[in-house]
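Side chains included, hydrogens not; waters and symmetry mates left out as well; all remaining heavy atoms used. Indexing begins at 1, ligand by ligand and atom by atom, following the structure's order.
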Amino acid sequence: MPSHSNDTLPTSLFTAAQVRAMDRHAIDGLGIPGLELMHRAGTATFAALRRRWPDAKTLSVVCGPGNNGGDGYVIARLALAAGFDVRAYPVGPLERLRGDAAAAFAEYRDAEGPVLNFIPPGFEGAEILVDALLGTGLDRDVAGEYAAVIEAINDFPGGVVAVDIPSGLNADTGAVMGNAVHADLTVSFIGLKQGLFTGAGPAHCGEIVFDDLDTPPEVRLEQTPSSRLLRSGDFALPPRRRDAHKGQCGHVLVIGGECGYSGAARMAGEAAARIGAGLVSIATRAAHAALINLGRPELMAHGVESTEQLQPLLQRASVLAVGPGLGCSDWAKTLFDAAIASGKPLVVDADALNLLAEHPRSSDHWLLTPHPGEAARLLGLSAAEIQRDRFAAVTALQRRYGGIAVLKGAGTLIAGPAGVPHVARWGNPGMASGGMGDVLTGVIAGLLAQHLPPFEAACLGVRIHGQAGDLAASAGERGLLAGDVIEALRTCVNR
Ligand SMILES: NC(=O)C1=CN([C@@H]2O[C@H](COP(=O)(O)OP(=O)(O)OC[C@H]3O[C@@H](n4cnc5c(N)ncnc54)[C@H](O)[C@@H]3O)[C@@H](O)[C@H]2O)[C@H](O)CC1
Ligand SMILES: [K+]
């Protein structure tokens, strides 16, 4: 059955190899003929296409040399039978078609379906283009004719539907293998591939529809999910007791705000307060304390120039957030070391992550919230290597540094000491602006202060931060400011 929205997609995500094993289980174990599965895949894709573009009547299908291409020939035949003007463009030698794909091609030809050679620049006259070039069989960067066809698909002005996964997108990592199709709609089958939801996946997939091709749950239950998709209802805060008082809602201490960066510390503090922390203090350069306090009197701002001055604040706080605008000076190092030595749960972000990369150590009571560049420094890799396999990177961060690792970016990933990485789908490109990370740091710290376990605080924090960003972006993504997200937090945390 098809499911197609953030919260009705299955939460279990898999690798391509796992989904191929599911295909085999369905075919060899349950006796469902491969061609029957292919017919179901084509039917599910054509139905989703018609839901999305109900008035379309002309369709071009690009078919690769394998079973993804076979799905494409099924779609072409169904469109022909429904009265569409159809053109199928085989890519790769037709004589290489085998098994179910060859049978699907023969069925299309028997229905007198037009087959054309692809001639750049492309697919004149069609309203919709179906990408059935490559699916879970992708095993190397696309090149030559395949790269040219993907280029032409990406220049196509009409709607693009990707069969199972946009061609060129790595199903396991969400990385682009040379080049990848930008689809408006992706219809994925049998098991949801984790690469659709992180890295370049979200930008290439468009709307994601899942269809289990009426295979029984046992097909999926046989595989342990490689990761999980977060849902709106996951890890919600318990309702606040009527007799609650601020002492029960935790005390966050934000440590940061080097000269010129007081705003980062303030935004982290405001976010912690807006997510519901009972008390919020800021330890920052003396020159900033009055400024922050003036701007947001609910925050208790203290000028701290030494460990001695920091100690009483560390004692009073229940949760620390270290890094927003902290810089990497000796002042920063001294405060960061004192925060770690306090043994309090702490969220480590921004420059504190860079200090940690200089002096690696692990702990089980912190949460690291790097963006790909900070993760690269922490792992001694390049940012491109991090993005090439975000799941491997977030797992490596957690294994090496302990605690909880949050790898920010499209499809933020959260990894804890147990279980599999969790993937968040919220957020938008408008959030690629200064201060958004400071807000997330404050949100997670504020949830920790309200006694959520670390992994739940990280998952819920990422979700609410992204939802607030999406809510604030309803007035437009460009020009979205971190302050707008802070203002939207209260709506989202009280949903
Ligand atoms: N019966 C089933 O298993 C079902 C599968 N479904 C669809 O099948 C594809 C997976 O098909 P497969 O034949 O394994 O691979 P692809 O069609 O994805 O790739 C074809 C072929 O292409 C070669 N190849 C790999 N990478 C490249 C590259 N970069 N450039 C050129 N050629 C490349 C390689 O030899 C591959 O074998 C799955 O995604 C579904 O769409 C049905 O949907 C369900 C039943
Ligand atoms: K495809």
Nearest-contact summary for atom 43 (O) of ligand 1 - protein heavy atom, Å
D71 OD2, 2.7 Å
Could you tell me whether any N, O or S atom belonging to I165 is less than 3.4 Å from the K ion (ligand 2)?
yes
Determine whether the side chains of E107 and H39 contain a donor N or O and an acceptor N or O closer than 3.5 Å.
yes
Does D23 approach ligand 1 within less than 4.0 angstrom via side chain, backbone, both or neither, non-hydrogen atoms only?
side chain
Judged by modelled atom types alone, do T11 and R228 share a side-chain donor-acceptor pair under 3.5 Å?
yes
Heteroatom test (N, O or S) for G135 near the K ion (ligand 2), limit 3.4 Å
no
Protein heavy atom at shortest distance from atom 22 (O) of ligand 1:
L134 CD2, 3.5 Å
How does D164 reach ligand 1, by side chain, by backbone, by both or by neither, if only non-hydrogen atoms under 4.0 Å count?
side chain
Side chain, backbone, both or neither: the part of L138 lying under 4.0 Å from ligand 1 by heavy atom
both
Given D211, L37, L35, which one has a non-hydrogen atom that is nearest to atom 45 (C) of ligand 1?
L37
Ligand-side contact atoms (ligand 1) for residue partner G135, heavy atom cut-off under 4.0 Å:
16 (P), 18 (O), 39 (O)
Within the 4.0 Å heavy-atom shell around A41, which atoms of ligand 1 are there?
43 (O)
Answer with side chain, backbone, both or neither: which part of E145 has a heavy atom less than 4.0 angstrom from an atom of ligand 1?
neither
Check each heavy atom of I27 against ligand 1 and say whether those closer than 4.0 Å belong to the side chain, the backbone, both or neither.
side chain
Name the option, out of D139, L213, I32, that contains the heavy atom nearest to atom 26 (N) of ligand 1.
D139
Once you measure the plane-to-plane angle for F455 and F235, does it fall in the parallel (<30°), tilted (30-60°) or perpendicular (>60°) bin?
perpendicular
Quick test of your reading of the model: are D211 and R40 salt-bridged, counting only N-O distances below 4.0 Å?
no
Can an N, O or S atom be found in L133 less than 3.4 Å away from the K ion (ligand 2)?
no
Is any N, O or S atom of D164 under 3.4 Å away from the K ion (ligand 2)?
no
Quick one: does atom 37 (O) of ligand 1 have a protein heavy atom under 4.0 Å from it?
no
